[in-house]
Amino acid sequence: MKHIFCNTGYFFREVRTLFRMNWVSNILTLISTGLIFFLLAMVISGWWISDSVMESVRGEAEMSVYYDERLEDDGVMQLVERIKEIEGVQGAHVISADEAYDRMVDILGKDARVLEYFDDNPFGAFVEVRISLDKVQPIMEVLRRTEGVADIRDNREVLERLHQIAEILSVLGYLIIAAVGISTLVILSHIIRQGIYHNREQIHTLRLLGAPEAFIAFPFLMAGLLLTLLGGGVAAALAAYTLKFIYGQMAGPLPFIPLPPIGAVIQSMATLMLPLSAALGIAGSLFGLMSERRF
Amino acid sequence: MIKAKGVCLKYPDGTPALNNINLSVEPGELVYVTGPSGSGKTSLLKLFMGVEYPTEGSLEILGQQIAKVHEKEIRQLRMKLGPVFQEFRLIKGRTVMENVMLGMRFLNASPSRLKEDAGVALTKVGLAHKALSLVENLSWGECQRVAIARAVARKPELILADEPTGNLDKDNALNILELLTSFKDNKTAVVITTHATHLIEGQKDCTLIRVDGGSISRERTGGA
């Protein structure tokens with residue numbers, strides 16, 4: 001290994017020569033790996049964001065319990081206390097008809113004018129129940145049997161759909177990671193093989209002079225590593241810019257979606273992309289070198 | 001240094017290249033291998049470099065058996081050789097100094113030592129002033145000198161030069177031969193192949209090996 005450390009400067013010069021001698025091919029490789037890594041970065045970020053949104057939504061899972069209008073205030077308070085005792089219920093409180101109206105005004109925004117067409121408040125009072133998402137079914141069963149409960153509305157369908165989307169994204173994420181990994185390996189090993197082919201005379205001369213295989217291979221490994229690291233860096237920068245843009249676009253029309261902090265997403269994505277691209281670069285270079293041992 | 005007993009070489013397609021070669025080369029010996037083109041001179045040198053393996057017989061170079069099973073050891077053996085190739089095999093896009101240093105980079109010498117040894121070798125071949133020139137800007141004779149400098153800078157025990165005078169005019173060819181023979185000493189043997197027998201006529205204190213039709217004849221010339 002001593003000759004590897006002693007020749008660091010030489011290896012860097014060789015890498016520069018390898019890039020210079022085959023620069024068109026290397027730039028195309030850089031662009032392809034950068035785009036592939038960009039795709040990977042976006043899928044992984046999307047996956048994280050959807051997971052985070054799901055977690056937030058899970059934490060805010062609610063049911064609306066409408067009670068019998070004939071119940072007096074004392075009866076309503078007793079009902080609220082009984083609901084709080086049900087296993088899986090995290091909290092319950094009464095939302096008056098006026099509060100329900102105000103909430104709808106907030107949700108509808110400019111379109112809230114439509115509510116002016118009603119002579120009376122169309123909304124009734126209800127009990128807002130915060131629950132654990134995994135206990136929806138047993139809570140529903142207890143509530144249905146509870147005296148004074150007239151109707152129950154839950155957003156289970158929406159939550160289940162979100163959950164399904166997150167699962168699909170998760171599967172897609174795994175598939176894309178596998179596809180990107182294989183593509184990067186193939187592209188890199190191909191470019192390394194090309195580099196070896198272009199330098200076959202030099203490699204043969206080095207072998208005739210007795211150079212160890214590790215000494216011959218090292219510049220090619222370094223070239224592969226640098227190419228993918230650069231590709232990973234470009235992809236991370238591009239993905240960071242795109243995520244910021246998407247966040248900016250979503251902030252206006254969809255303010256209620258609880259997105260995770262953009263800084264944390266970008267930092268996690270960059271922290272993953274750089275080591276991942278380096279690992280794929282080394283693996284691709286080794287694969288290329290092993291498949292071209294005849295030169 | 002070189003011990004060959006009944007060595008035969010056949011190429012994979014069955015073409016016989018060398019037949020029943022018996023010879024030995026001792027330290028400090030100067031050996032000229034001559035013969036017409038296609039006679040087997042280069043094949044003999046390929047065997048000495050461990051590029052080809054004998055298909056029959058036994059060949060030992062610097063104590064190392066040359067056989068397919070010893071591939072790893074043969075790679076290490078090559079570090080002790082000073083090969084000068086017929087087509088130079090210099091690395092384009094690199095300077096003269098880089099090319100000479102390249103032959104030593106994996107011999108575990110320090111970077112300052114590499115530069116020093118390369119500089120000494122270039123001075124010996126008269127090309128110190130062209131150390132920073134790119135090899136593609138050199139003349140044929142200069143390229144040959146760089147190839148020799150690369151071989152001798154490694155301080156080899158055995159210098160193997162394959163047709164080093166090919167494509168050179170007579171004066172340049174004689175200079176190259178003189179240069180190569182000057183590296184022979186008590187420890188270092190020099191083996192040179194050439195088809196230009198007129199260049200070695202009258203050479204003293206050397207061994208002449210004539211290769212023809214895959215067989216060899218050996219002749220020793222007297223000292224000066």
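Below, read A as the first sequence line, B as the second, and so on, with proteins coming before strands; counting in each chain starts at 1. This structure is a prediction, so every number in the text was calculated from the model and none was measured.
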**Report entry** Interface residues of residues 94-104 of chain B facing chain A - non-hydrogen atoms under 4.5 Å apart
**Finding:** B:Arg94, B:Glu98, B:Leu102, B:Gly103
Query raised in the report: Does a salt bridge link A:Glu201 with B:Lys92, judged by any charged N lying under 4.0 Å from a carboxylate O?
Result: no
Requested in this report: Could you tell me whether B:Lys115 atom NZ has more than 12 heavy atoms of other residues or ligands within 6.0 Å of it?
Outcome: no
Report task. State whether the number of non-hydrogen atoms from other residues, nucleotides or ligands found under 6.0 Å of B:Glu136 atom CD is greater than 12. Result -> yes
Query raised in the report: Counting only heavy atoms not in B:Glu87, do more than 12 fall under 6.0 Å of its CD?
Result: yes
Report task. Would you give the length of the straight line joining atom CZ of B:Phe106 to atom CD of A:Glu213, rounded to the nearest 0.5 angstrom? Result -> 11.5 Å
Requested in this report: Inspect the surroundings of CZ in B:Arg113 and state if more than 12 heavy atoms from other residues, nucleotides or ligands are less than 6.0 Å away.
Outcome: no
Report summary line: The interface call for A:Thr17 against chain B, heavy-atom contacts under 4.5 Å, is side chain
Query raised in the report: Which residue, B:Arg78, B:Arg150, B:Met79, forms the side-chain contact (heavy atoms from CB on, under 4.5 Å) with A:Leu209?
Result: B:Arg150
Query raised in the report: Would you find a donor on one side and an acceptor on the other, under 3.5 Å apart, between the side chain of B:Arg75 and the backbone of A:Pro212?
Result: no
Query raised in the report: Does OH belonging to B:Tyr11 count more than 12 external heavy atoms closer than 6.0 Å?
Result: yes
Report summary line: Under 4.5 Å to a heavy atom of chain A? For B:Ile91 that would be side chain
Query raised in the report: If you count the non-hydrogen atoms of other residues, nucleotides and ligands that lie under 6.0 Å from NE2 in A:His198, is the total more than 12?
Result: yes
Query raised in the report: Counting heavy atoms not belonging to B:His70, are there more than 12 under 6.0 Å from its NE2?
Result: yes
Query raised in the report: Would B:Leu114 and A:Asn7 count as a side-chain contact (heavy atoms from CB on, under 4.5 Å) if you check the C-alpha gap in whole Å, the side-chain angles of each, and the deciding distance to 0.1 Å?
Result: CA-CA 11 Å; B:Leu114 282 183; A:Asn7 289 301; 4.3 Å; yes
Query raised in the report: Using a heavy-atom distance cut-off of less than 4.5 Å, which residues of residues 140-149 of chain B contact chain A?
Result: none
